[in-house]
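Order of listing sets the numbers, starting from 1, for every ligand and every atom in it. Residue numbers run from 1 in the order of the sequence given.
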Amino acid sequence: MKILIANLGSTSLKYRLFEFRDGAELALAQGGRERVEDYGRAIDDCLEELRTAGRLAAPESLAAVGFKTVLAEGMTGCRRIDDRVLQALEAGNPVAPAHNPPYLTGIRLFAERLPAVPLVALFETAFYQWAPEPATRYAVPRKWHESGVRRQGFHGASHKYVAERSAALLDREDVARRARRLYVDGGDTKVAKPELRVISCHLGGSSSITGIRDGVAIGNSMGFSPQSGVPQNNRVGDLDPFAVLHAMRRLNLSVEEIERELCYEAGLMGLSGGWNDVRDIQRENAAGNGAAQLALDCFVYEIRRWMGSWHLLLNGADALVFTAGIGENRGELRERICENLDGLGIRLDPAKNRAARGEESEIGDPAAPVRIFVIPANEELVVAREVKRYLEHND
Ligand code: AMP
């Protein structure tokens with residue numbers, strides 16, 4: 001069974017092709033296109049690339065194309081994409097203006113090209129379905145809550161992979177199995193004592209911090225939309241709602257203007273005054289740019305605040321995990337994030353941390369109460385597994 005996973009950004013198309021055969025999971029190919037202007041052409045090019053590389057003789061033979069969709073109004077989990085799902089995705093456009101439109105475009109183009117191949121979505125919100133209710137509620141009037149204003153949480157595929165891998169690295173196969181089966185039995189898989197408590201830091205172009213107890217998320221730093229939580233590359237992160245009202249009145253901004261500014265001109269971009277990639281911001285910081293230094297300071301500060309929240313709510317932690325572009329590659333930032341936390345049992349090993357180059361590795365003192373790991377993100381594998389399970393159980 002071959003499953004293609006398409007990862008659609010506002011100007012990029014990345015793909016990974018998996019084959020599930022005789023109980024084995026094979027990653028057959030990966031690739032993609034940057035600076036995409038014509039998605040249809042990018043899809044055709046990628047399918048042709050897979051054909052000429054001998055990885056996929058005929059795209060029509062795919063068991064499914066899977067999508068790591070961000071959110072849809074009123075639905076989550078793993079779903080076959082039909083008109084209802086497309087409508088729900090479209091209704092989610094205002095909540096995820098940077099994410100949903102490219103997915104809608106890409107999904108429609110795949111449907112045109114491969115009308116007989118099932119298209120299946122795993123929503124990024126799916127991992128938080130079992131979070132305790134206080135972690136999902138905002139203190140808003142009831143009618144707001146009923147209209148869908150609630151904490152959802154994102155980067156579910158990435159944090160779920162961390163839940164599985166960290167449990168395996170800590171020899172807790174029972175917890176790894178519970179995490180793997182989560183979307184099948186909602187966490188009913190029995191696990192042994194003691195509890196396994198993990199703080200997962202997905203730090204990339206978009207970042208979020210999750211607390212995980214025994215393989216199940218207890219919440220995420222992102223709330224209703226992916227514009228919340230820690231500062232994102234261009235997106236604002238947490239902000240007092242009255243600051244939005246103030247800015248609209250004082251700066252005379254329309255709803256459309258404020259949406260654009262919160263989504264594309266805020267976050268690290270807003271703080272640093274023009275850079276959204278931490279590599280550029282670190283370079284500027286080294287050159288003495290004070291705004292760049294402030295952007296990094298705020299980023300680290302907010303990450304630590306969320307780590308602290310999960311540490312408290314989990315009553316401690318057995319593992320702290322770094323994943324995604326920044327989490328995997330920026331040792332200096334990991335060092336700053338872990339500074340002066342020995343009171344909590346978090347002790348980074350500077351030499352191991354510096355030596356880690358994006359591969360799975362332990363970067364803390366293994367004798368400390370909290371083990372510290374880098375786990376490379378593998379969101380596509382999580383999506384592919386769920387799509388496979390969906391096909392086996394629902395089609
Ligand atoms: P992601 O969203 O996981 O693709 O991560 C993207 C961000 O991670 C970029 O904005 C960079 O700041 C950072 N990043 C990605 N790759 C690298 C790398 N090889 N070295 C350093 N930083 C990286």
Side-chain angles (χ1 to χ4, degrees), residues 5-16 30-36 68-70 96 98-99 102-103 124 154-162 165 200-210 220-222 226-237 263-287 289 291-300 302-303 321-337 353-361 363 373-383:
I5 305 301
N7 189 339
L8 299 155
S10 50
T11 59
S12 67
L13 164 67
K14 292 186 219 149
Y15 68 81
R16 286 199 192 190
Q30 66 180 72
R33 297 286 181 279
E34 300 284 347
R35 297 196 190 92
V36 172
K68 189 169 62 73
T69 40
V70 173
H99 299 92
Y103 267 101
E124 288 284 64
F154 297 92
H155 295 132
S158 175
H159 290 299
K160 183 168 185 289
Y161 184 72
V162 166
R165 276 307 302 158
S200 173
C201 301
H202 177 109
L203 307 178
S206 148
S207 304
S208 74
I209 325 292
T210 285
N220 178 239
S221 58
M222 283 178 168
Q227 281 75 247
S228 52
V230 306
Q232 315 296 335
N233 54 357
N234 302 313
R235 306 196 304 278
V236 63
C263 210
Y264 299 103
E265 294 174 22
L268 296 177
M269 175 71 98
L271 283 164
S272 73
W275 290 273
N276 65 2
D277 187 312
V278 294
R279 289 168 289 194
D280 297 331
I281 299 173
Q282 285 180 304
R283 191 199 59 229
E284 285 297 311
N285 177 33
N289 180 332
Q293 182 179 353
L294 180 68
L296 292 174
D297 290 349
C298 291
F299 188 51
V300 169
E302 290 295 316
I303 291 165
V321 178
F322 291 97
T323 190
I326 297 170
E328 292 164 30
N329 295 296
R330 307 313 294 180
E332 336 68 73
L333 280 178
R334 290 193 300 255
E335 200 164 319
R336 287 200 54 194
I337 290 165
N353 179 48
R354 245 173 272 129
R357 290 272 176 270
E359 69 284 10
E360 189 170 279
S361 44
I363 57 171
F373 298 101
V374 168
I375 297 182
N378 204 344
E379 300 157 276
E380 287 82 0
L381 177 62
V382 170
V383 181

Note to self: Under 3.5 Å, is there a donor on one side chain and an acceptor on the other for Thr210 and His202?
What the structure shows: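 Side-chain D/A pair, Thr210 to His202: absent.
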Notebook entry, point to check: Who gets closest to atom 20 (N) of ligand 1 by heavy atom: Asn7, Asn329, Asp277, Ile281?
Noted result: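 Shortest heavy-atom distance from atom 20 (N) of ligand 1: Asn329.
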Next item on the list: Would you tell me which option among Gln232, His202, Arg330, Lys14 has the nearest heavy-atom contact to atom 22 (N) of ligand 1?
Entry: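 The nearest heavy atom belongs to Arg330.
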Side chains of [X] and [Y]: does their closest heavy-atom pair fall under 4.5 Å?
{"X": "Met222", "Y": "Gln232", "value": "yes"}
{"X": "Ile363", "Y": "Phe322", "value": "yes"}
{"X": "Phe154", "Y": "Ser206", "value": "no"}
{"X": "Arg330", "Y": "Gln282", "value": "yes"}
{"X": "Val70", "Y": "Pro226", "value": "yes"}

Check: When you measure from atom 15 (C) of ligand 1 to every protein heavy atom, which one gives the shortest distance, and what is it?
Finding: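 The closest one turns out to be Gly325 CA, 3.7 Å.
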What atoms of ligand 1 come within less than 4.0 Å of a heavy atom belonging to [X]?
{"X": "Ala324", "result": "3 (O)"}
{"X": "Ile326", "result": "8 (O), 12 (O), 13 (C)"}
{"X": "Gly205", "result": "1 (P), 2 (O), 5 (O), 6 (C), 7 (C)"}

Item checked: Heavy atom of protein inside 4.0 Å of atom 10 (O) of ligand 1, strictly below ->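 Answer yes: something from the protein, a heavy atom, is under 4.0 Å.
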Check: Does an N or O from Val278, backbone or side chain, lie closer than 3.5 Å to an N or O of ligand 1?
Finding: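 There is such a contact, yes.
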